[in-house]
Amino acid sequence: MPQRRIAIYGKGGIGKSSTASNVAAACADEGYKVMIIGCDPKSDSSITLLGGRRIPTILDLLRQKVDIDEQAIVHEGYKGVKCVEVGGPEPGIGCAGRGIIVAIQKLRQMCKTIDDMDLIIYDVPGDIVCGGFVAPIRKGLVSEAYILTSGEYMPLYAANNICRGLVKIDTQLSGIICNSRIVTREEEIVRKFSEEIGSKLMAFIPKEQIVQDCERDGFSVVEKAADSSVADIYRELAIAIMSNEDSVMPSALKDERLRELTR
């Protein structure tokens with residue numbers, strides 16, 4: 001099967017890392033060879049695949065001026081998922097976006113494992129407003145983009161803005177994922193938004209305490225609460241992503257229509 005290389009975008013704090021790690025775990029359960037590359041300066045994309053353990057980041061190792069090899073930056077997590085964290089600049093110094101560019105270049109130079117993966121997930125912070133955060137796409141490392149949102153106005157505003165960014169960099173959208181914040185008519189709103197931009201809703205993930213409980217303990221829901229209904233939803237999303245053949249150039253909504261949709 002051809003390698004799938006996806007990026008998950010969305011407003012900060014909307015649950016990208018949680019979604020990415022649970023999709024990675026679910027795909028690993030299905031026997032796929034998976035790598036997750038965390039591009040967030042918080043370096044927490046892979047933490048729930050590693051039992052709560054943080055791993056050295058590429059940028060930290062570069063700053064330490066140590067000899068870096070694949071073993072230093074690629075760490076094995078749940079069911080063999082390969083975990084990489086890009087890291088970020090020192091607080092108050094440097095640009096996180098620029099750091100992503102440098103780290104990804106280094107990763108490509110020394111990581112041969114990346115070519116053997118069935119699925120590579122880039123967990124990317126924030127909106128597409130910085131050249132560095134677009135690096136995985138610009139460098140030709142990503143072939144599919146997904147947007148995570150909720151039914152609240154600001155996450156949808158960010159999602160809409162990301163759609164504009166995708167058009168500017170000539171990249172198609174493969175789908176919308178809703179991570180619920182218990183908003184009135186939330187699934188209906190996000191489904192309608194997905195349709196109006198020309199895409200589709202891939203999954204509606206309900207807000208349940210079990211997700212936070214598992215994260216606090218350092219595990220994905222798929223691993224620690226495998227029999228839960230939320231774990232089943234992550235599994236369904238993983239299957240949908242691995243079989244998805246649809247992508248579109250999204251048509252961002254006008255601000256007036258976005259406000260109307262969320263009223």
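Closest of all the heavy-atom pairs between Thr171 and Pro250 is O-CD, 4.3 Å. Scanning both residues, Arg185 and Arg263, for their nearest heavy atoms gives NH2-O, 2.8 Å. Counting all heavy atoms, side chain and backbone alike, Ser174 lies closest to Met202 at O-SD, 4.0 Å.
Salt-bridge annotation for Asp217 and Lys224: present, with a side-chain N of the basic residue lying under 4.0 Å from a carboxylate O of the acidic one. For Glu256 and Arg259, the salt-bridge test fails: no basic side-chain N is under 4.0 Å from an acidic carboxylate O.
Between Ser247 and Gln172, the side chains place a donor N or O and an acceptor N or O closer than 3.5 Å (distance only, hydrogens not considered). Between the side chains of Tyr146 and Asn244, at least one donor N or O sits under 3.5 Å from an acceptor N or O. One side chain, Glu215 or Ser18, offers a donor N or O that lies under 3.5 Å from an acceptor on the other. Donor-acceptor pairing under 3.5 Å is lacking for the side chains of Thr57 and Ser43.
Using a distance-only test at 3.5 Å, with no hydrogens or angles considered, a donor-acceptor pair links the side chain of Arg181 to the main chain of Ile14. The backbone N or O of Gly10 lies less than 3.5 Å from a partner atom in the side chain of Lys16, making a donor-acceptor pair. In this structure, Ser21 contributes its side chain and Ser220 its backbone to no donor-acceptor pair below 3.5 Å. At least one donor-acceptor pair closer than 3.5 Å links the side chain of Asn22 to the backbone N or O of Val222. In this structure, Asn160 contributes its side chain and Leu253 its backbone to a donor-acceptor pair below 3.5 Å. Under the 3.5 Å distance criterion, the side-chain polar atoms of Lys33 are matched with a main-chain donor or acceptor of Asp116.
Heavy-atom contacts from other residues, nucleotides or ligands closer than 6.0 Å to CG of Asp255 number more than 12. Within a 6.0 Å radius of NZ in Lys200, more than 12 heavy atoms belonging to other residues, nucleotides or ligands are found. Sparse packing is recorded around CD of Gln71, with 12 or fewer heavy atoms of other residues, nucleotides or ligands lying under 6.0 Å away.
Using a 4.5 Å heavy-atom cutoff, the side chains of Val167 and Met249 are in contact. Considering only heavy atoms from C-beta on, Ile205 comes within 4.5 Å of Tyr234 through its side chain. Using a 4.5 Å cut-off on side-chain heavy atoms (C-beta onward), Ile176 and Leu148 make no contact. Under the 4.5 Å side-chain criterion, counting only non-hydrogen atoms from C-beta, Ile58 is not in contact with Glu85. With contacts defined as side-chain heavy-atom distances shorter than 4.5 Å, the pair Ile147/Cys163 qualifies. Glu144 has its side chain out of reach of Leu173: every pair of non-hydrogen atoms, C-beta onward, lies at least 4.5 Å apart. Between Tyr78 and Asp29 there is a side-chain heavy-atom pair separated by less than 4.5 Å. For the pair Ile114/Cys111, a side-chain contact is recorded, criterion being any heavy-atom separation below 4.5 Å from C-beta on.
Of the inter-residue distances, the one linking Asp123 atom CG with Tyr9 atom OH reads 10.5 Å to the nearest 0.5 angstrom.
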